[in-house]
Amino acid sequence: MNGTFVLRIEDTNAELAKPEFYDAITEPLKWLGLQWDEGPFYQSQRSEKYLEAINALLEKGFAYRCDCSRESIESRNNVNGFKGGYDGYCRNREVPDDPNVSIRFKTPKNQFVKIRDTIRGDVTFDTNELEDFIIRRSNGTPVFLVANAVDDADMGITHVIRGEDLLNTTPKVMLMWEALDYGQPPEYAHLPLLVGEDKKKLSKRKHSVALGEFQTMGILPEAMVNYLALLGWGPNDDKEIRPVEEIAALFSLKDINKAPAYFDMKKLFHINAEYIRALSPEAFSEIATQYFQLTGWEPINLDFDVLSDLSSSIQERIEKLADIVKLVDWLFNEEPAVETDPKEMKKISKSMSADKVADVLDLAIEQLEKCDWNEEVIGETINGIGQTLETKSQVPIRVAVTGRRIGLPLFKPMEILGRQKVVTRLQKARADLG
RNA sequence: GCCCCGUUCGUCUAGCGGCCUAGGACGCCACCCUCUCAAGGUGGUAGCACGGGUUCAAAUCCCGUACGGGGUACCA
(Lines give C-alpha, C1' and ligand atoms only; values in the text may rest on other atoms or scores of the structure.)
Protein backbone atom coordinates (compact mmCIF):
# COMPACT_ATOMS: atom_id res chain seq x y z
CA MET A 1 0.00 0.00 0.00
CA ASN A 2 1.32 3.44 -0.82
CA GLY A 3 1.18 6.43 1.45
CA THR A 4 2.90 8.13 4.31
CA PHE A 5 2.33 6.86 7.81
CA VAL A 6 2.15 9.85 10.13
CA LEU A 7 2.36 9.14 13.83
CA ARG A 8 0.43 11.69 15.84
CA ILE A 9 0.02 11.54 19.58
CA GLU A 10 -3.36 12.92 20.52
CA ASP A 11 -2.55 14.05 24.00
CA THR A 12 -4.56 17.23 24.21
CA ASN A 13 -5.61 16.15 27.66
CA ALA A 14 -2.73 16.86 30.02
CA GLU A 15 -3.27 13.55 31.78
CA LEU A 16 -2.35 11.75 28.61
CA ALA A 17 0.80 13.68 27.88
CA LYS A 18 3.04 11.29 29.75
CA PRO A 19 5.98 9.23 28.56
CA GLU A 20 4.46 5.91 29.63
CA PHE A 21 1.48 6.48 27.38
CA TYR A 22 3.75 7.42 24.56
CA ASP A 23 5.70 4.20 25.00
CA ALA A 24 2.51 2.21 25.17
CA ILE A 25 1.82 3.37 21.64
CA THR A 26 5.25 3.29 20.08
CA GLU A 27 6.71 0.12 21.59
CA PRO A 28 4.06 -2.20 20.17
CA LEU A 29 4.30 -0.50 16.80
CA LYS A 30 8.01 -1.09 16.75
CA TRP A 31 7.63 -4.66 17.90
CA LEU A 32 5.17 -5.37 15.12
CA GLY A 33 7.52 -3.80 12.62
CA LEU A 34 5.09 -1.04 11.70
CA GLN A 35 7.45 1.83 11.19
CA TRP A 36 6.01 5.30 10.74
CA ASP A 37 7.35 7.72 8.17
CA GLU A 38 6.70 11.03 9.88
CA GLY A 39 6.39 12.20 13.42
CA PRO A 40 5.65 11.64 16.14
CA PHE A 41 3.79 14.92 16.43
CA TYR A 42 2.46 15.77 19.84
CA GLN A 43 -0.76 17.68 19.99
CA SER A 44 0.18 18.82 23.47
CA GLN A 45 2.93 20.86 21.81
CA ARG A 46 0.81 22.37 19.09
CA SER A 47 -1.76 24.17 21.20
CA GLU A 48 -1.20 27.59 19.62
CA LYS A 49 -2.38 26.34 16.26
CA TYR A 50 -5.58 25.05 17.79
CA LEU A 51 -6.13 28.18 19.80
CA GLU A 52 -5.72 30.22 16.64
CA ALA A 53 -8.39 28.15 14.94
CA ILE A 54 -10.65 28.56 17.93
CA ASN A 55 -10.22 32.33 17.77
CA ALA A 56 -11.03 32.27 14.09
CA LEU A 57 -14.18 30.33 14.87
CA LEU A 58 -15.05 32.85 17.55
CA GLU A 59 -14.53 35.80 15.20
CA LYS A 60 -16.58 34.28 12.43
CA GLY A 61 -19.40 33.64 14.84
CA PHE A 62 -19.13 29.85 14.79
CA ALA A 63 -18.32 29.65 18.46
CA TYR A 64 -19.09 31.40 21.73
CA ARG A 65 -17.91 31.62 25.30
CA CYS A 66 -19.73 29.77 28.01
CA ASP A 67 -19.42 29.92 31.79
CA CYS A 68 -22.00 27.29 32.67
CA SER A 69 -21.06 24.63 35.14
CA ARG A 70 -22.09 21.02 34.73
CA GLU A 71 -24.47 21.49 37.64
CA SER A 72 -26.15 24.59 36.30
CA ILE A 73 -26.74 22.90 32.95
CA GLU A 74 -28.23 19.86 34.61
CA SER A 75 -30.48 21.80 36.91
CA ARG A 76 -31.78 23.84 33.98
CA ASN A 77 -32.37 20.68 31.96
CA ASN A 78 -34.20 19.14 34.89
CA VAL A 79 -36.56 22.07 34.97
CA ASN A 80 -37.04 22.33 31.21
CA GLY A 81 -37.04 18.61 30.53
CA PHE A 82 -34.39 19.18 27.87
CA LYS A 83 -32.52 15.99 27.01
CA GLY A 84 -30.13 17.03 24.26
CA GLY A 85 -27.10 17.76 26.41
CA TYR A 86 -26.11 21.40 26.53
CA ASP A 87 -29.08 23.72 26.11
CA GLY A 88 -27.32 26.60 24.37
CA TYR A 89 -27.80 28.91 27.34
CA CYS A 90 -24.79 31.08 26.57
CA ARG A 91 -25.29 31.30 22.81
CA ASN A 92 -26.40 34.90 22.93
CA ARG A 93 -25.17 35.89 26.35
CA GLU A 94 -21.94 37.58 25.24
CA VAL A 95 -19.95 36.05 28.08
CA PRO A 96 -16.94 38.33 28.55
CA ASP A 97 -13.53 37.26 27.33
CA ASP A 98 -11.72 35.44 30.06
CA PRO A 99 -9.10 32.75 29.80
CA ASN A 100 -10.97 30.75 32.42
CA VAL A 101 -14.13 30.44 30.44
CA SER A 102 -14.89 27.59 28.07
CA ILE A 103 -15.71 27.94 24.40
CA ARG A 104 -18.38 26.00 22.58
CA PHE A 105 -18.96 25.40 18.91
CA LYS A 106 -22.28 26.72 17.69
CA THR A 107 -23.69 23.71 15.88
CA PRO A 108 -26.11 24.72 13.12
CA LYS A 109 -29.69 23.57 13.42
CA ASN A 110 -31.77 21.57 10.92
CA GLN A 111 -28.86 20.45 8.86
CA PHE A 112 -27.45 17.11 7.85
CA VAL A 113 -23.79 16.29 7.89
CA LYS A 114 -22.73 13.53 5.58
CA ILE A 115 -19.48 11.75 6.08
CA ARG A 116 -18.00 9.43 3.49
CA ASP A 117 -16.72 6.24 4.98
CA THR A 118 -14.88 3.70 2.87
CA ILE A 119 -16.09 0.81 4.98
CA ARG A 120 -19.61 1.90 5.82
CA GLY A 121 -20.61 4.06 2.92
CA ASP A 122 -22.24 7.44 3.51
CA VAL A 123 -23.31 8.09 7.07
CA THR A 124 -25.49 11.11 7.76
CA PHE A 125 -26.08 12.86 11.03
CA ASP A 126 -28.82 15.29 11.95
CA THR A 127 -27.19 18.36 13.50
CA ASN A 128 -30.13 18.72 15.84
CA GLU A 129 -28.75 15.66 17.62
CA LEU A 130 -25.45 17.42 18.22
CA GLU A 131 -25.13 19.74 21.17
CA ASP A 132 -22.98 22.86 21.19
CA PHE A 133 -19.83 21.03 22.19
CA ILE A 134 -16.83 22.34 24.05
CA ILE A 135 -13.83 23.14 21.89
CA ARG A 136 -11.74 24.91 24.52
CA ARG A 137 -11.81 23.87 28.13
CA SER A 138 -12.16 26.39 30.91
CA ASN A 139 -8.50 25.84 31.70
CA GLY A 140 -7.71 27.25 28.29
CA THR A 141 -6.69 24.02 26.55
CA PRO A 142 -8.23 22.89 23.26
CA VAL A 143 -10.02 19.55 22.98
CA PHE A 144 -9.06 16.85 20.49
CA LEU A 145 -11.92 17.65 18.10
CA VAL A 146 -10.35 20.95 17.11
CA ALA A 147 -6.90 19.44 17.12
CA ASN A 148 -8.16 16.77 14.71
CA ALA A 149 -9.55 19.24 12.23
CA VAL A 150 -6.55 21.54 12.39
CA ASP A 151 -3.95 18.80 12.16
CA ASP A 152 -5.67 16.83 9.43
CA ALA A 153 -5.76 19.99 7.34
CA ASP A 154 -2.29 21.14 8.32
CA MET A 155 -0.64 17.78 7.73
CA GLY A 156 -2.52 17.08 4.55
CA ILE A 157 -4.06 13.89 5.89
CA THR A 158 -5.86 12.02 3.13
CA HIS A 159 -7.03 8.93 5.01
CA VAL A 160 -8.27 8.66 8.53
CA ILE A 161 -8.44 5.03 9.57
CA ARG A 162 -9.60 4.47 13.14
CA GLY A 163 -11.98 2.62 15.38
CA GLU A 164 -15.72 2.75 15.08
CA ASP A 165 -15.89 4.31 18.51
CA LEU A 166 -14.92 7.59 16.86
CA LEU A 167 -17.56 7.51 14.16
CA ASN A 168 -19.94 9.63 16.20
CA THR A 169 -17.39 12.37 16.76
CA THR A 170 -16.72 12.76 13.07
CA PRO A 171 -19.65 15.08 12.26
CA LYS A 172 -18.38 17.51 14.89
CA VAL A 173 -15.00 17.60 13.23
CA MET A 174 -16.63 17.99 9.83
CA LEU A 175 -18.69 20.93 11.02
CA MET A 176 -15.56 22.74 12.18
CA TRP A 177 -13.79 21.68 9.02
CA GLU A 178 -16.41 23.47 6.98
CA ALA A 179 -16.52 26.50 9.28
CA LEU A 180 -12.76 26.81 8.97
CA ASP A 181 -13.07 26.50 5.22
CA TYR A 182 -10.54 23.73 4.89
CA GLY A 183 -11.83 22.38 1.60
CA GLN A 184 -11.80 18.70 0.69
CA PRO A 185 -12.04 16.58 3.86
CA PRO A 186 -10.04 13.37 4.26
CA GLU A 187 -11.44 9.97 3.47
CA TYR A 188 -12.64 8.14 6.55
CA ALA A 189 -12.63 4.44 7.33
CA HIS A 190 -14.08 3.39 10.65
CA LEU A 191 -12.88 -0.05 11.61
CA PRO A 192 -14.98 -2.51 13.58
CA LEU A 193 -13.93 -2.80 17.19
CA LEU A 194 -12.47 -5.91 18.75
CA VAL A 195 -14.56 -7.35 21.52
CA GLY A 196 -13.59 -9.46 24.49
CA GLU A 197 -15.30 -12.56 25.76
CA ASP A 198 -17.92 -10.32 27.31
CA LYS A 199 -18.55 -8.98 23.81
CA LYS A 200 -17.57 -5.53 24.99
CA LYS A 201 -15.15 -3.21 23.28
CA LEU A 202 -11.66 -4.48 23.83
CA SER A 203 -9.60 -1.56 24.86
CA LYS A 204 -7.25 0.48 26.83
CA ARG A 205 -8.94 0.82 30.13
CA LYS A 206 -11.21 -2.15 30.77
CA HIS A 207 -9.41 -5.13 29.31
CA SER A 208 -5.70 -5.21 29.47
CA VAL A 209 -4.73 -5.79 25.90
CA ALA A 210 -1.24 -4.45 25.92
CA LEU A 211 0.54 -6.00 22.99
CA GLY A 212 3.56 -6.38 25.24
CA GLU A 213 1.82 -9.30 26.88
CA PHE A 214 1.88 -11.19 23.64
CA GLN A 215 5.55 -10.56 23.39
CA THR A 216 6.27 -11.94 26.85
CA MET A 217 4.07 -14.92 26.06
CA GLY A 218 6.27 -15.66 23.12
CA ILE A 219 4.15 -14.71 20.17
CA LEU A 220 6.23 -13.85 17.12
CA PRO A 221 5.49 -10.37 15.76
CA GLU A 222 5.02 -11.75 12.25
CA ALA A 223 2.40 -14.16 13.52
CA MET A 224 0.71 -11.39 15.44
CA VAL A 225 0.48 -9.18 12.38
CA ASN A 226 -0.81 -12.08 10.32
CA TYR A 227 -3.49 -12.92 12.85
CA LEU A 228 -4.54 -9.31 13.31
CA ALA A 229 -4.95 -8.93 9.57
CA LEU A 230 -7.39 -11.82 9.67
CA LEU A 231 -9.69 -10.09 12.11
CA GLY A 232 -12.35 -8.32 10.12
CA TRP A 233 -10.92 -9.43 6.83
CA GLY A 234 -10.02 -12.54 4.90
CA PRO A 235 -8.29 -13.28 1.63
CA ASN A 236 -10.64 -14.72 -0.96
CA ASP A 237 -8.26 -17.53 -1.88
CA ASP A 238 -8.55 -19.14 1.56
CA LYS A 239 -4.84 -18.92 2.22
CA GLU A 240 -4.68 -17.43 5.69
CA ILE A 241 -1.07 -17.77 6.66
CA ARG A 242 1.14 -15.64 4.49
CA PRO A 243 3.73 -12.85 4.73
CA VAL A 244 2.63 -9.26 5.36
CA GLU A 245 3.76 -8.12 1.94
CA GLU A 246 1.38 -10.57 0.38
CA ILE A 247 -1.42 -9.57 2.71
CA ALA A 248 -0.82 -5.90 1.92
CA ALA A 249 -1.06 -6.65 -1.78
CA LEU A 250 -4.42 -8.40 -1.39
CA PHE A 251 -5.83 -6.12 1.25
CA SER A 252 -8.36 -3.40 0.65
CA LEU A 253 -10.17 -1.20 3.15
CA LYS A 254 -13.38 -1.73 1.22
CA ASP A 255 -13.35 -5.42 2.07
CA ILE A 256 -13.26 -5.01 5.81
CA ASN A 257 -16.21 -6.44 7.71
CA LYS A 258 -18.46 -4.10 9.57
CA ALA A 259 -19.25 -6.18 12.62
CA PRO A 260 -17.09 -6.32 15.74
CA ALA A 261 -14.75 -9.30 15.94
CA TYR A 262 -13.89 -11.53 18.84
CA PHE A 263 -10.22 -12.06 19.53
CA ASP A 264 -9.55 -15.79 19.43
CA MET A 265 -6.45 -16.71 21.40
CA LYS A 266 -6.53 -20.32 20.19
CA LYS A 267 -6.27 -19.29 16.60
CA LEU A 268 -3.49 -16.85 17.36
CA PHE A 269 -1.60 -19.70 19.01
CA HIS A 270 -2.15 -21.91 16.01
CA ILE A 271 -0.83 -19.30 13.62
CA ASN A 272 2.07 -18.63 15.93
CA ALA A 273 2.86 -22.34 16.03
CA GLU A 274 2.94 -22.42 12.25
CA TYR A 275 5.36 -19.52 12.16
CA ILE A 276 7.55 -21.15 14.79
CA ARG A 277 7.69 -24.41 12.88
CA ALA A 278 8.72 -22.58 9.74
CA LEU A 279 11.86 -21.23 11.44
CA SER A 280 15.29 -22.66 10.61
CA PRO A 281 17.15 -24.26 13.55
CA GLU A 282 19.50 -21.29 13.75
CA ALA A 283 16.75 -18.71 13.58
CA PHE A 284 14.75 -20.63 16.12
CA SER A 285 17.53 -20.90 18.68
CA GLU A 286 18.43 -17.28 18.13
CA ILE A 287 14.87 -16.17 18.78
CA ALA A 288 14.55 -18.53 21.72
CA THR A 289 17.72 -17.21 23.28
CA GLN A 290 16.56 -13.62 22.94
CA TYR A 291 13.24 -14.61 24.39
CA PHE A 292 14.89 -16.18 27.43
CA GLN A 293 16.80 -12.97 28.01
CA LEU A 294 13.65 -10.95 27.70
CA THR A 295 11.85 -13.06 30.28
CA GLY A 296 14.86 -13.57 32.50
CA TRP A 297 15.05 -17.36 32.24
CA GLU A 298 18.72 -18.17 32.46
CA PRO A 299 19.39 -21.76 33.46
CA ILE A 300 22.97 -22.53 34.29
CA ASN A 301 23.66 -24.89 31.38
CA LEU A 302 21.78 -23.06 28.66
CA ASP A 303 23.45 -23.89 25.38
CA PHE A 304 22.70 -22.35 22.02
CA ASP A 305 23.99 -25.33 20.04
CA VAL A 306 21.97 -27.81 22.03
CA LEU A 307 18.88 -25.74 21.39
CA SER A 308 19.69 -25.66 17.72
CA ASP A 309 20.32 -29.40 17.71
CA LEU A 310 16.95 -30.19 19.22
CA SER A 311 15.10 -27.40 17.49
CA SER A 312 12.89 -29.34 15.15
CA SER A 313 11.50 -31.57 17.87
CA ILE A 314 10.95 -28.53 20.08
CA GLN A 315 9.40 -26.46 17.31
CA GLU A 316 6.72 -28.98 16.51
CA ARG A 317 5.68 -29.22 20.13
CA ILE A 318 5.14 -25.58 21.07
CA GLU A 319 2.66 -22.92 20.14
CA LYS A 320 4.45 -20.05 21.84
CA LEU A 321 7.99 -19.46 22.99
CA ALA A 322 7.05 -19.75 26.63
CA ASP A 323 6.33 -23.43 26.01
CA ILE A 324 10.00 -24.14 25.34
CA VAL A 325 10.90 -23.93 28.99
CA LYS A 326 9.05 -26.98 30.22
CA LEU A 327 10.47 -29.00 27.35
CA VAL A 328 14.11 -28.31 28.08
CA ASP A 329 14.42 -27.10 31.65
CA TRP A 330 15.60 -30.52 32.87
CA LEU A 331 18.38 -30.43 30.30
CA PHE A 332 19.70 -27.01 31.20
CA ASN A 333 19.19 -27.12 34.93
CA GLU A 334 21.20 -29.30 37.28
CA GLU A 335 18.13 -31.08 38.56
CA PRO A 336 15.10 -32.46 36.75
CA ALA A 337 11.89 -30.48 37.09
CA VAL A 338 11.42 -30.58 40.82
CA GLU A 339 7.76 -29.96 41.22
CA THR A 340 6.79 -33.27 39.67
CA ASP A 341 9.48 -35.61 40.87
CA PRO A 342 8.08 -37.99 43.49
CA LYS A 343 4.43 -37.71 42.61
CA GLU A 344 4.93 -38.49 38.95
CA MET A 345 6.42 -41.86 39.84
CA LYS A 346 3.28 -42.71 41.74
CA LYS A 347 1.13 -41.78 38.80
CA ILE A 348 3.00 -44.26 36.69
CA SER A 349 2.31 -46.87 39.29
CA LYS A 350 -1.36 -46.63 38.50
CA SER A 351 -0.82 -47.99 35.03
CA MET A 352 2.29 -49.95 35.91
CA SER A 353 2.95 -51.74 39.15
CA ALA A 354 5.54 -50.22 41.45
CA ASP A 355 7.59 -53.39 41.11
CA LYS A 356 7.61 -53.02 37.38
CA VAL A 357 8.78 -49.44 37.65
CA ALA A 358 11.55 -50.54 39.98
CA ASP A 359 12.56 -53.32 37.60
CA VAL A 360 12.76 -50.92 34.69
CA LEU A 361 14.90 -48.49 36.66
CA ASP A 362 17.20 -51.22 37.94
CA LEU A 363 17.80 -52.61 34.50
CA ALA A 364 18.23 -49.13 33.04
CA ILE A 365 20.84 -48.18 35.62
CA GLU A 366 22.71 -51.39 35.04
CA GLN A 367 22.71 -51.21 31.26
CA LEU A 368 23.08 -47.49 30.70
CA GLU A 369 26.13 -47.41 32.92
CA LYS A 370 28.10 -49.43 30.43
CA CYS A 371 26.52 -49.18 26.99
CA ASP A 372 27.89 -47.03 24.20
CA TRP A 373 26.75 -43.46 24.75
CA ASN A 374 24.91 -42.29 21.70
CA GLU A 375 21.33 -41.72 20.70
CA GLU A 376 20.89 -44.99 18.80
CA VAL A 377 22.35 -47.28 21.42
CA ILE A 378 20.48 -45.53 24.21
CA GLY A 379 17.27 -46.05 22.29
CA GLU A 380 17.98 -49.69 21.59
CA THR A 381 18.91 -50.28 25.19
CA ILE A 382 15.78 -48.71 26.59
CA ASN A 383 13.53 -50.42 24.10
CA GLY A 384 15.30 -53.69 24.83
CA ILE A 385 14.44 -53.26 28.50
CA GLY A 386 10.84 -52.83 27.53
CA GLN A 387 10.89 -56.06 25.55
CA THR A 388 12.54 -58.20 28.18
CA LEU A 389 10.25 -56.84 30.88
CA GLU A 390 7.21 -56.79 28.61
CA THR A 391 6.28 -53.26 29.54
CA LYS A 392 6.65 -49.72 28.33
CA SER A 393 10.09 -48.80 29.45
CA GLN A 394 10.23 -45.17 28.44
CA VAL A 395 7.81 -43.68 30.89
CA PRO A 396 9.61 -44.44 34.16
CA ILE A 397 12.93 -43.42 32.67
CA ARG A 398 11.46 -40.23 31.29
CA VAL A 399 10.05 -39.26 34.64
CA ALA A 400 13.27 -40.10 36.45
CA VAL A 401 15.44 -38.14 34.07
CA THR A 402 13.23 -35.22 33.11
CA GLY A 403 10.83 -34.99 36.03
CA ARG A 404 7.91 -34.99 33.62
CA ARG A 405 5.68 -37.57 32.03
CA ILE A 406 5.56 -35.89 28.66
CA GLY A 407 8.15 -34.14 26.62
CA LEU A 408 10.67 -34.33 23.83
CA PRO A 409 11.70 -37.64 22.22
CA LEU A 410 14.01 -38.96 24.91
CA PHE A 411 17.13 -40.47 23.43
CA LYS A 412 18.87 -37.56 21.83
CA PRO A 413 18.52 -35.19 24.77
CA MET A 414 19.65 -38.00 27.07
CA GLU A 415 22.80 -38.36 25.04
CA ILE A 416 23.34 -34.63 25.37
CA LEU A 417 22.71 -34.61 29.11
CA GLY A 418 25.44 -37.19 29.53
CA ARG A 419 25.74 -40.63 31.06
CA GLN A 420 26.72 -39.42 34.49
CA LYS A 421 23.75 -37.15 35.06
CA VAL A 422 21.35 -39.65 33.56
CA VAL A 423 22.51 -42.47 35.78
CA THR A 424 22.56 -40.27 38.84
CA ARG A 425 18.99 -39.21 38.25
CA LEU A 426 17.90 -42.79 37.67
CA GLN A 427 19.53 -43.86 40.91
CA LYS A 428 17.91 -41.07 42.82
CA ALA A 429 14.50 -41.97 41.44
CA ARG A 430 15.10 -45.62 42.28
CA ALA A 431 16.05 -44.71 45.81
CA ASP A 432 12.96 -42.54 46.21
CA LEU A 433 10.85 -45.50 45.20
CA GLY A 434 12.02 -47.41 48.24
C1' G B 1 -34.05 7.01 26.52
C1' C B 2 -32.02 9.22 22.03
C1' C B 3 -28.45 8.92 17.84
C1' C B 4 -25.05 6.04 14.82
C1' C B 5 -23.25 1.18 13.11
C1' G B 6 -23.94 -3.92 12.63
C1' U B 7 -25.98 -9.49 12.21
C1' U B 8 -22.88 -16.23 7.36
C1' C B 9 -20.73 -22.77 11.55
C1' G B 10 -18.83 -22.04 18.97
C1' U B 11 -14.87 -18.34 16.86
C1' C B 12 -12.38 -15.65 12.50
C1' U B 13 -13.89 -15.45 7.63
C1' A B 14 -15.08 -16.49 1.69
C1' G B 15 -19.40 -15.05 -0.75
C1' C B 16 -21.05 -8.87 -3.98
C1' G B 17 -28.61 -11.94 -7.76
C1' G B 18 -28.02 -17.85 -10.74
C1' C B 19 -21.37 -21.46 -10.20
C1' C B 20 -24.26 -22.24 -2.76
C1' U B 21 -27.42 -29.30 -1.60
C1' A B 22 -22.94 -21.98 1.46
C1' G B 23 -16.23 -22.73 0.76
C1' G B 24 -11.80 -22.25 4.11
C1' A B 25 -9.38 -21.74 8.92
C1' C B 26 -9.27 -22.32 14.40
C1' G B 27 -11.71 -25.37 17.96
C1' C B 28 -14.04 -29.96 18.90
C1' C B 29 -14.86 -35.49 17.78
C1' A B 30 -13.19 -40.14 15.41
C1' C B 31 -9.64 -43.00 12.92
C1' C B 32 -4.43 -43.72 10.99
C1' C B 33 0.73 -43.06 12.47
C1' U B 34 3.29 -43.57 17.40
C1' C B 35 6.69 -47.06 23.74
C1' U B 36 5.45 -40.11 25.93
C1' C B 37 3.62 -35.53 24.03
C1' A B 38 3.32 -33.37 19.54
C1' A B 39 3.52 -32.83 14.33
C1' G B 40 1.38 -35.10 10.00
C1' G B 41 -2.69 -37.77 7.30
C1' U B 42 -8.00 -39.05 6.65
C1' G B 43 -13.00 -38.30 7.86
C1' G B 44 -16.77 -35.85 10.71
C1' U B 45 -19.56 -31.89 13.65
C1' A B 46 -21.73 -27.10 13.02
C1' G B 47 -23.99 -21.46 10.08
C1' C B 48 -26.89 -17.45 6.03
C1' A B 49 -31.01 -13.99 13.32
C1' C B 50 -36.51 -13.71 12.24
C1' G B 51 -40.73 -11.90 9.24
C1' G B 52 -42.31 -9.57 4.98
C1' G B 53 -41.40 -7.82 0.09
C1' U B 54 -38.65 -7.11 -5.07
C1' U B 55 -37.18 -10.88 -8.85
C1' C B 56 -37.93 -16.22 -13.37
C1' A B 57 -34.08 -16.63 -9.37
C1' A B 58 -31.86 -13.83 -2.84
C1' A B 59 -26.91 -15.50 2.03
C1' U B 60 -26.52 -11.60 -1.61
C1' C B 61 -31.38 -5.89 -3.06
C1' C B 62 -35.56 -3.17 0.00
C1' C B 63 -38.64 -2.66 4.56
C1' G B 64 -39.76 -4.06 9.44
C1' U B 65 -38.74 -6.92 14.11
C1' A B 66 -35.35 -9.06 17.34
C1' C B 67 -30.60 -9.10 19.05
C1' G B 68 -25.51 -7.09 19.43
C1' G B 69 -21.85 -3.12 19.35
C1' G B 70 -20.59 2.11 19.68
C1' G B 71 -21.73 7.09 21.15
C1' U B 72 -24.36 10.37 24.13
C1' A B 73 -18.03 14.39 28.97
C1' C B 74 -14.57 20.76 29.89
C1' C B 75 -11.64 11.53 27.68
C1' A B 76 -9.90 10.37 23.19
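In the text below, chain A, chain B and the rest are named by the order of the sequence lines, each starting its count at 1. Just so it is clear, the values below take in all heavy atoms, side chains as well, and ignore hydrogens, waters and symmetry mates.
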Listed once per pair and sorted, the salt bridge (charged side-chain N to carboxylate O under 4.0 Å, His left out) pairs that draw on residues 118-137 of chain A, sequence neighbours left out:
A:Arg91-A:Asp132, A:Lys114-A:Asp122, A:Arg116-A:Asp122, A:Arg120-A:Glu164
Sorted by chain and residue number, the salt bridge (Lys or Arg N to Asp or Glu O under 4.0 Å) partners of A:Asp154 (sequence neighbours excluded) come out as A:Arg46
Each nucleotide in nucleotides 32-38 of chain B should get exactly one letter: B, S or -. Can you fill that in based on protein heavy atoms under 4.0 Å?
---BBBB
Can you sort out the partners of A:Glu52 under side chain to side chain contact (heavy atoms under 4.5 Å, CB included), two or more places apart, ordered by chain and number?
none
For B:G18, the Watson-Crick or wobble partner whose two distances fall under 3.5 Å
B:C56
Using a heavy-atom cut-off of 4.0 Å across all strands, would you classify A:Ile271 as base, sugar-phosphate, or nothing?
nothing
Please name the nucleotide paired to B:G1 by Watson-Crick or G-U wobble geometry with both distances under 3.5 Å, or report none.
B:U72
Only counting residues at least two apart or in another chain, list the ones meeting salt bridge (Lys or Arg N to Asp or Glu O under 4.0 Å) with A:Lys258.
none
Scan A:Thr12 against the nucleic acid and name what it touches under 4.0 Å (heavy atoms): base, sugar-phosphate only, or nothing.
sugar-phosphate
Strand partner of B:U7, provided both Watson-Crick or wobble distances fall under 3.5 Å:
B:A66
Qualifying side-chain hydrogen bond (donor to acceptor under 3.5 Å, both in side chains) pairs, either residue in residues 263-279 of chain A, two or more places apart
A:Asn226-A:Tyr275, A:Glu240-A:Lys267, A:His270-A:Glu274
Run the salt bridge (Lys or Arg N to Asp or Glu O under 4.0 Å) test against A:Arg242 and tell me which residues pass, sequence neighbours left out.
A:Asp237, A:Glu246
If you go through the side-chain atoms of A:Glu240, does one of them form a donor-acceptor pair with the base of B:G24 closer than 3.5 Å?
yes
Going by number, which of residues 67-76 of chain A have a non-hydrogen atom under 4.0 Å from RNA chain B?
A:Cys68, A:Arg70
Quick one: salt bridge (charged side-chain N to carboxylate O under 4.0 Å, His left out) pairs with a partner in residues 5-18 of chain A, sequence neighbours left out?
A:Arg8-A:Glu10, A:Arg8-A:Asp151, A:Arg8-A:Asp152
Closest of B:A76, B:U13, B:C12 to the A:Lys267 side chain is B:C12
Identify all pairs in which a protein N or O lies below 3.5 Å from an N or O of nucleotides 20-23 of chain B, and state each distance.
| residue | atom | partner | partner atom | Å |
| --- | --- | --- | --- | --- |
| B:G23 | N2 | A:Asp238 | OD1 | 3.3 |

Under 4.0 Å, counting only non-hydrogen atoms across every strand here, what does A:Glu15 touch: a base, just sugar-phosphate, or nothing?
nothing
Collect all protein-nucleotide pairs involving nucleotides 40-50 of chain B in which both atoms are nitrogen or oxygen and the distance is under 3.5 Å.
| residue | atom | partner | partner atom | Å |
| --- | --- | --- | --- | --- |
| B:G40 | OP1 | A:Arg277 | NH1 | 3.4 |

Pairwise P distance, B:G47 and B:G24 [rounded to whole Å]
15 Å
Nearest to the side chain of A:Leu193, which nucleotide is it out of B:G70, B:C12, B:C26?
B:G70
Checking A:Arg76 now: which residues fulfil salt bridge (Lys or Arg N to Asp or Glu O under 4.0 Å) with it, not counting sequence neighbours?
A:Asp87
